[in-house]
Amino acid sequence: MDIKLLNVAPTEDEKEAVDLLLGPALSGWDGGERDALTDTRVAEGGHESREDRHLLLPVLWAVQDRIGYISAPALAYISKRMTIAPAEVYGVASFYMMLATEPTPPRVLHVCEDIACKCLGSDDLIATLQERFGPEGAVSADGRSTWHRSPCLGQCDRGPAVLMMEAGLEPFTRTYAPASTATALAVLSEEEGVAGTEPSEPYQLGDPSLRLLRRIGVIDPLSLDDYRAKGGYDALRAAVSLGPAGVIREIKDSRLMGRGGAAFPTGVKWEAVAQQPARPKFLICNADESEPGTFKDRVIMEGDPCSLVESMTIAGYAMGVENGFIYLRGEYPEAERALQSAIDQAYDRGLLGDDIMGEGFTFDLEIRRGAGAYICGEETAIFNSIEGYRGEPRSKPPFPVEKGVFQKPTAINNVETLINVLDVIRRSGPGYAETGTTGSTGMKLFCLSGNIERPGVYEVPFGGTLRELIDLAGGVPDGREIQAVLLGGAAGSFVRPDELDIELSFEAVREAKTTLGSGVVMVFDDTVNMHGILQRIAQFFRNESCGQCVPCRVGTVRQQEALARLASGKPRGGVETELELIAEIGGCMRDASICGLGQAASSAVESAIDRLGVFKEGAR
Amino acid sequence: MANEIIQAGLANMAFIEHSTENFENYKAHVAEYTLERAEELTGVPAEAIREVAHAYAKADRAMISWTLGITEHHTGVDNVLSLISLALVCGHVGRYGSGLNPLRGQNNVQGGGDMGAIPNRLPGFQDIENDHAAREKFSKAYGVPIRDRYGWHLTQMFHGMETGELKYCYIIGENPAQSDADSTRVRKLLGGLDFLVVQDIFATKTAELADVILPGSASWCESNGTVTNSERRVQRVRKALDPPGEAMDDQWILAELAKRLGFAWDYPTSEDIWNELRSLSPMHTGMSYARLEELGGIQWPCPEDGHPGSPRLHERLWADPVQGMLATFVPVHDRPPFEATDAEFPIRLTTGRRLESYNTGVQTEKFTSPLHVGEFLELCPEDMERMNLEDGEIVRVSSRRGAVESPVRTDVRLRPGLGFMTYHFPDQVDVNVLTIDAVDEKSGTAEFKACAIKVEKLAEGEQTMTAYADRELVAGD
Amino acid sequence: MSDPVMMMPKRMVELEVDGQTVKVFEGETILDACNKVEIDTPTLCFGETLQPKNACRVCVVEVEGARVLQPSCSRKAEAGMKVHTNSERVRASRRMVLELLASSVDLSTTSVAPEYLEAYEARPEKFGPQAPPDTHRDHHRAGHSAVTDGQLAATVYQGIKIDNELYTRDYSKCILCYKCVDACGEQWQNTFAISVAGRGFDARISTEFVVPLPESACVYCGNCIQVCPTGALMFKSEHDLREEGEWREEEQTVTTTICTYCGVGCNLELHVQDNSIVKVTSPPDHSITHGNLCIKGRFGFQHAQARDGAKK
C-alpha cells in the first residue's frame with residue numbers, strides 16, 4: 001500500500017516508544033534509515049507488517065504511556081511502521097477513551113462518576129475538583145496534570161474512586177479508592193506519599209466454605225510459590241492425567257455456566273472449539289470487566305492471579321489451543337501488574353510456553369490491555385480490538401467457536417468462569433454439580449455495592465436469596481430503608497424491596513424477568529435520587545455505544561434526553577407520552593441492535609419505570 | 001528470473017513440451033543470466049530476484065501486467081518477448097487468472113488496431129500484404145482496389161517528411177507536436193509539410209501548425225460508436241451531448257469529405273458503419289449493437305451471433321493437441337538504453353504519467369483538483385542534496401537535444417542518478433524537447449523511458465518560467 | 001468475474017417469507033429471498049457492490065426462533081427459516097430506526113427517505129426541536145458527553161466541508177452507513193483516506209486528525225460519492241447547482257458511455273442538464289469496474305464542455 005503521510009517527523013521520544021515495541025525498522029520504507037542502494041530497488045509490499053496489525057493497540061498504548069497523547073507525527077510514524085493508513089490508525093485511536101488524540105498533559109486523573117461511586121459521594125468529589133482545581137480538562141499551572149470524568153473504574157466496594165495515569169519514561173497508573181477530595185487534589189498536585197489501593201480483602205476471609213476466593217488475602221499474589229503451597233497447579237496436573245477429552249467431559253458434567261452474563265454452558269463451548277478442524281485456535285479471557293458495579297474479576301486477578309493463568313492453561317490443554325490472550329481493561333493497573341507477574345513466573349517455571357510440565361503441550365499467554373471502552377467486553381468487539389481494529393461488535397453468525405479472533409475458532413470465557421474450572425477439576429464434574437441448584441451449579445461471586453454496610457465480593461452457592469446475600473453484607477446502613485436493588489449492572493434490571501426473596505439462580509431470575517448479569521447487587525437506600533441514577537445509566541450507554549448501528553447510536557441519546565425531560569419535570573406531551581416513547585425506543589434497541597450493549601441499554605431504565613414506578617406520581 | 005526458474009527445477013516442463021518450441025535454445029541462451037549477473041545489470045539484489053522468480057513460478061495463477069515502462073524503449077519488443085518467454089516457462093498463459101496483459105493507455109488504442117488504423121493490417125487484423133482473399137473482399141466491398149503493401153508507422157512518416165516523400169498529412173485527435181519525442185524536430189517537420197489538416201476538439205499545438213482545422217466532436221460523449229478496451233472488449237459509446245458551436249460529429253466530417261471527393265457515402269449511422277465492419281471482419285461478426293448492449297460489451301473474437309466472446313486468448317495452447325502454432329521462445333539479449341549517461345549528462349531521465357493527468361493535458365487541464373500541481377523534475381533525496389537543490393526550486397534541465405526550465409522536487413521512490421518527469425504540462429515545461437527519438441526498429445516506439453540529462457541551478461535573474469500556481473488558465477483554448 | 005472454472009454448482013435452500021415459499025441459492029441472504037418474491041424491503045446501508053455492513057438496521061425482519069430481529073441484508077437464508085417482514089414488531093423497529101435517523105440527520109437529499117418515512121408512518125418530530133450545528137463535533141472526546149436537559153434533540157449537524165473543487169462533504173447528512181469507508185478502503189479503492197473516527201453518537205467519517213482532503217490520501221476517485229446514499233458526499237457541480245436552485249433532476253438525461261481516458265473501458269453514466277454534464281456515475285452491475293472510477297473518469301469530463309465552439 002502506498003501510504004500518504006503528513007511530512008512531519010515524530011519526536012525522539014515518540015519514535016523510541018514505537019520502536020521499543022515493534023523493534024527497529026527494517027528499511028526506509030517502514031520508517032527506518034533510507035539506504036539509497038537497496039531501498040530504491042526492493043520494497044516489501046507491507047504484507048508482513050500488516051500481519052502485525054494486532055500490535056496496533058499496544059503501539060498506541062506505548063505512545064500514550066510515553067507522551068500522554070498521540071500526536072499527528074507519532075501517528076504518522078506508527079502508520080509508516082505498520083503499513084496502516086493514518087486515517088485508519090486515527091479511527092482506532094479516537095475510539096478509545098484512554099487514548100488522547102489532542103494535546104493532553106502527561107498526567108490525567110480519571111474520576112469515576114458512575115452509579116456506585118455516586119452513592120458514595122463522587123458528585124461531591126467532582127464538584128470540589130471543579131471548584132478547587134478547575135473544570136474537567138483544565139490543566140494545572142505546570143502543564144503536567146488534568147482530570148476527566150470516567151465511567152465505572154471497578155472499585156465499587158470502596159468508592160469514590162480515582163485513577164491516575166502518568167505518562168513518561170516510567171509510566172505508571174495507579175488507583176486511589178476510596179479517594180477523599182484531599183487525596184484527589186494531592187495526587188493531582190504530585191504530592192509525595194499518597195498511597196494507592198491494596199488488593200481488596202473479602203469479608204469472608206477465612207470462611208472454610210470459600211472455593212473461588214479461598215486464597216485471596218491469604219497468599220502473596222505476587223508469589224507463585226505461595227500459590228503452589230496452597231494447592232496451586234494441582235488442577236493442571238490432574239487435568240493432564242484426565243486428558244483433553246476427560247477435562248471437557250468433567251466440565252460438561254459440572255454443568256458450569258458462563259459467568260460473564262450470558263450463562264452459556266462452558267463445556268458445550270469448549271467441546272465446539274476442540275472439534276473445530278481449523279488451526280490455530282485461540283483462547284481469550286474476557287477480563288474487560290466494565291459493567292458498572294462489577295469488580296469480582298478484579299478482586300480475583302489482584303488477589304489470586306496465578307489461578308487465572310492455571311485455569312487458562314487447562315482450557316488451552318483441553319481444547320488444543322496454543323495461544324491465549326487476557327483482554328484486560330485498561331483501568332485495572334494493579335491487576336495487570338499482578339497478572340504479568342504470574343505469567344512471567346509461570347514461564348520461568350515451565351508452566352507456560354513449550355512442553356509445559358514436561359507433558360509435551362504448548363500454551364502461550366499474553367495480556368492485551370484495553371483502552372477505555374465498555375463495548376470491548378462484548379466478545380466480538382474484543383476480537384476486533386485485539387486485531388487492531390475499532391472495537392465494534394461483529395454480526396453473529398458466524399459464532400466465535402467457528403470464526404473468532406483472526407477468523408479462527410476461539411473460546412472466550414469470563415475470568416470467574418475460568419477459575420471455576422479449577423474447582424471442577426478438583427471435585428470432578430459431578431462433584432462440582434452437587435453445589436447450587438439444578439440449573440445453576442457451583443458457587444457464584446456477587447459484587448455488593450451501593451448503600452450497604454460491607455460492600456465487597458461475596459462467594460455463595462447458587463440458590464440462596466437476595467435477602468440473605470444483602471444480609472451477609474450487613475444490609476443498608478442503620479436507619480435507612482432499601483429503595484431498590486440493581487441486579488446485573490447497568491445492563492441488568494432493578495428489583496423492588498418486596499422482591500428480595502428472589503432465589504439467586506439463573507433459572508429463578510429468568511423466571512422473575514430479571515438477570516444475574518455479571519453478579520452485580522447494587523443497593524440503593526431511601527436517600528438516593530433515582531432520577532439521577534437513571535440519567536447516569538442512560539448517559540453511560542450513550543457514551544459507551546460504539547456507534548455502529550442506528551438503534552443504539554441514536555436510541556441511547558434519545559433515551560437519555562427523554563429521561564432528562566422527565567427528571568427536570570418538563571416532559572413533552574405529559575409523563576405518559578414520555579414513558580411510551582422510552583418504551584418504544586427501548587423496544588427498537590432491544591430488537592434491532594447489533595449486539596448486547598444496545599439490546600440491554602434500556603433494560604435498567606425500563607425496569608425502573610415498570611418495576612419501581614420511578615416516574616409515577618409521588619415517586620422519587 | 002527465467003533462468004532461476006529453470007535452474008531451480010520450477011519450469012512447467014509439461015506445458016513447455018506440449019505447447020512450445022525452441023525451449024532448448026532459450027534455456028541455453030538465458031543460462032548466462034545468473035542471479036549474480038542480473039544483480040549486476042539491474043542493481044536489484046539477487047535474493048529479491050530469486051524470491052520473485054520462485055513466487056511467480058509456484059503460483060497457481062499468475063499474471064503479468066505492464067504499461068509503457070516495458071514498451072517505450074528502443075528494446076520495447078525485446079522486453080515484451082522476455083515477458084512472454086517468462087510466462088511460457090511457467091505455463092502462466094491461456095488460463096483463468098493467468099496471462100500477459102499490456103494495459104492500454106488510451107480508451108481505444110486497441111480499437112484503432114481492430115479497425116485497421118495500423119499500417120499493416122486491414123480491420124480485424126487481416127494482413128494487407130499476405131492475405132489476398134481479405135484484400136479482395138475489402139476491395140470489393142469498398143469499391144476501390146486495396147494496395148498490397150504495408151503503410152508507414154509514425155516514425156517512418158516523420159522520416160518521410162524529412163526526406164520529402166511525405167508532403168500531406170491529415171491528423172485526427174492527436175497532438176504529436178507535444179506528445180512525440182524530440183518535439184523540436186517534430187514541429188519543424190510538421191511545419192514543413194505542404195498541407196496539414198488537423199481534426200480535433202481543441203486548437204492544439206499541432207493544430208496551430210495546420211492549414212485547415214476541422215473542429216470535431218468529443219467522440220466519447222458527443223457521438224455514437226464503439227471502443228475496444230485492453231481486454232479486447234468492444235463496448236458502445238453513446239452521444240450524451242451536442243457538440244458546441246460549429247464542431248461536428250467526426251463521422252459527418254468524414255462523410256462530408258468523402259462527398260466532396262466524389263464518393264456518395266450518404267451519411268451512414270454509426271450502426272451502419274459497424275455492420276459493414278461485421279461483414280468484413282470475422283472476429284467482429286457476432287457483435288451486433290443489440291448484443292453489445294445486452295452483454296455489456298463482448299471480447300473478440302466473436303465470430304457469430306450467439307458466440308459469448310473470448311475472455312482469454314491462447315487457451316488453444318492447452319488443447320490436446322495444440323490448436324494452431326506452438327508458442328515460440330524467442331531469446332533476446334540485454335541491451336542498455338540508447339543514450340548512455342556520461343560526465344556531462346549524468347542523470348537518466350525517465351518520463352511517465354500521473355494519475356490525474358492524461359497525455360499532453362489538453363483534456364485534463366480543464367479541471368482542477370488538489371492533485372493537479374504542474375510539472376516537476378523529480379529526483380531522489382541524495383541527488384537533491386548533492387546538487388544542493390530545494391523542493392520547488394526552478395532548475396535548468398538539458399539533454400543533447402534541448403533545454404527546459406522546470407521546478408524540481410524530492411521523490412523517495414527514485415534512486416540516485418534517475419529523474420522522472422511527465423509530459424502532461426507541455427505549455428509549462430516542454431519535456432519532450434529533452435527526450436530522444438531513438439526507436440525500437442520493430443515497433444517504431446520511441447525511447448521515452450530513458451535519455452541522458454543534466455540539471456543545473458539557475459543564476460539570479462535567469463529564470464524565465466512562471467510557477468504553475470501563477471499560470472494563466474485560458475479556458476477553452 | 002463469471003468464469004466457468006470459478007462457478008461451482010450451488011445448492012438451493014427453501015425458506016418461508018411471509019407465508020410464501022422461496023428458494024434461493026445457499027449463501028444468499030434473506031433480502032435476496034425477499035427480492036425474489038417482490039417483498040419491498042427498505043435498505044440504507046446496503047450496497048450491492050459492498051459487503052453488507054448491516055449498520056442501519058432498517059431492513060430487519062423477524063425470524064421465528066431468533067431472540068432479536070435479524071438484518072435481512074446480511075443474514076444468510078437457511079433451510080426451513082420462517083421469516084416475517086411485516087409484523088408489528090418489524091414495523092415498529094423499522095419506524096423507530098427511521099425516526100431516530102430523521103431526527104438526528106438531514107435526510108433532505110436521501111432519495112429514498114420520503115418514501116420510507118411515509119410507508120412506516122414515521123414521526124421524527126416527536127423527539128422535539130432539533131439541536132443546532134456543533135462546530136466542535138469533529139473533536140469530541142470518546143466516551144464523554146455533556147449533560148443534557150433533553151429539550152433539544154441532538155443532531156449530527158455541523159458545517160459543510162468544501163476543501164476542493166471536485167466534491168463536497170456535508171456530514172450533517174451522514175447516516176454513518178460505512179459505505180464510503182468500505183469503498184475507499186479494502187473493498188475497492190485501497191486508498192484508506194477516510195475511516196470512522198470517534199465513537200457512539202460522535203462517531204463520524206474522518207481523515208486522520210480531520211485534515212482537509214488535499215492533505216489526506218484522497219485520490220478523488222469519487223467512489224465514495226458513488227455509494228453514498230444520502231448526498232452527504234456530492235459532486236461540487238451538483239452542490240453548486242442546488243445552492244443556486246438550478247438543480248433539476250427531472251430534466252436530466254442519463255447516458256451510458258465509455259470513459260475517454262485509459263484502456264480499462266469503464267462505463268460512465270453521464271447526467272446531463274442543459275447540454276452540460278452535471279454528474280458522473282458508473283453502473284454498479286457492470287463487470288469491468290462495478291461502479292468504480294478514477295479521478296479522470298469521475299471528474300475529467302469538463303474538457304468536453306470547456307471548449308467554446310472550438311477554434312475554426
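Naming: A, B, ... by sequence-line order, numbering from 1 per chain.
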Colleague: Could you list which of residues 90-98 of chain A have a heavy atom closer than 4.5 Å to any heavy atom of chain C, in residue-number order?
Modeller: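 Residues in range: A:Y90, A:G91, A:S94, A:F95, A:Y96, A:M97.
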
Colleague: Please classify the contact between C:L44 and chain A as side chain, backbone, both or neither, with a heavy-atom cut-off of under 4.5 Å.
Modeller: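 It is neither, since no heavy atom gets under 4.5 Å.
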
Colleague: Under a 4.5 Å heavy-atom cut-off, does chain A meet the side chain of C:R94, its backbone, both or neither?
Modeller: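 When you check distances to chain A, no heavy atom of C:R94 falls under 4.5 Å.
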
Colleague: Short question: side chain of A:K4, backbone of C:S216 - any donor-acceptor pair under 3.5 Å?
Modeller: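 Side chain of A:K4 to backbone of C:S216, a donor-acceptor pair under 3.5 Å: yes, one is there.
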
Colleague: For C:V60, which atoms come within 4.5 Å of any heavy atom of chain A: side chain, backbone, both, or neither?
Modeller: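 Contact with chain A is through the side chain of C:V60 alone.
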
Colleague: What part of A:I585 lies closer than 4.5 angstrom to a heavy atom of chain C: side chain, backbone, both or neither?
Modeller: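 Its backbone and side chain both get close to chain C.
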
Colleague: Which atoms of C:L176 are under 4.5 Å from chain A, going by heavy atoms: the side chain, the backbone, both sets, or neither?
Modeller: both

Colleague: Taking side chain as everything from C-beta outward and backbone as N, CA, C, O, which of these in A:T577 sits under 4.5 Å from a heavy atom of chain C? Side chain, backbone, both or neither.
Modeller: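 Neither the backbone nor the side chain of A:T577 comes within 4.5 Å of chain C.
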
Colleague: Looking at A:S593, A:S150, A:A562, A:A100, which one has more heavy-atom pairs under 4.5 Å with chain C than the rest?
Modeller: A:S593

Colleague: Between C:K126 and A:E584, is there a side-chain heavy-atom distance shorter than 4.5 Å?
Modeller: yes

Colleague: Which residues, numbered in order, of residues 180-188 of chain C come under 4.5 angstrom of chain A by heavy-atom distance?
Modeller: none

Colleague: So which part of C:S206 gets closer than 4.5 Å to some heavy atom of chain A, the side chain, the backbone, both or neither?
Modeller: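 Both parts, backbone and side chain.
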
Colleague: For C:S103, is it the side chain, the backbone, both or neither that has a heavy atom under 4.5 Å from a heavy atom of chain A?
Modeller: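 Both parts, heavy atoms under 4.5 Å.
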
Colleague: For A:S395 and C:N54, does a side-chain donor sit closer than 3.5 Å to a side-chain acceptor?
Modeller: yes

Colleague: Partners of C:R89 by salt bridge (charged side-chain N to carboxylate O under 4.0 Å, His left out), sequence neighbours excluded?
Modeller: A:D591, C:E62

Colleague: Between C:R199 and A:S545, is any side-chain donor less than 3.5 angstrom from a side-chain acceptor?
Modeller: no

Colleague: Which residues from residues 128-139 of chain C are near chain A, with near meaning under 4.5 Å between non-hydrogen atoms?
Modeller: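 Within residues 128-139 of chain C, near chain A: C:G128, C:P129, C:D138, C:H139.
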
Colleague: For side-chain contact (heavy atoms from CB on, under 4.5 Å), just list the numbers for A:R558 and C:E99, CA-CA rounded to whole Å, side-chain angles, deciding distance to a tenth of an Å, and then say yes or no.
Modeller: CA-CA 11 Å; A:R558 295 289 177 257; C:E99 289 171 341; over 6 Å; no

Colleague: Between C:T148 and A:Q560, is any side-chain donor less than 3.5 angstrom from a side-chain acceptor?
Modeller: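 Their side chains do not contain a donor-acceptor pair, so the 3.5 Å distance test is not met.
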
Colleague: Where on A:R565 is there a heavy atom nearer than 4.5 Å to chain C: the side chain, the backbone, both, or neither?
Modeller: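 Both backbone and side chain.
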
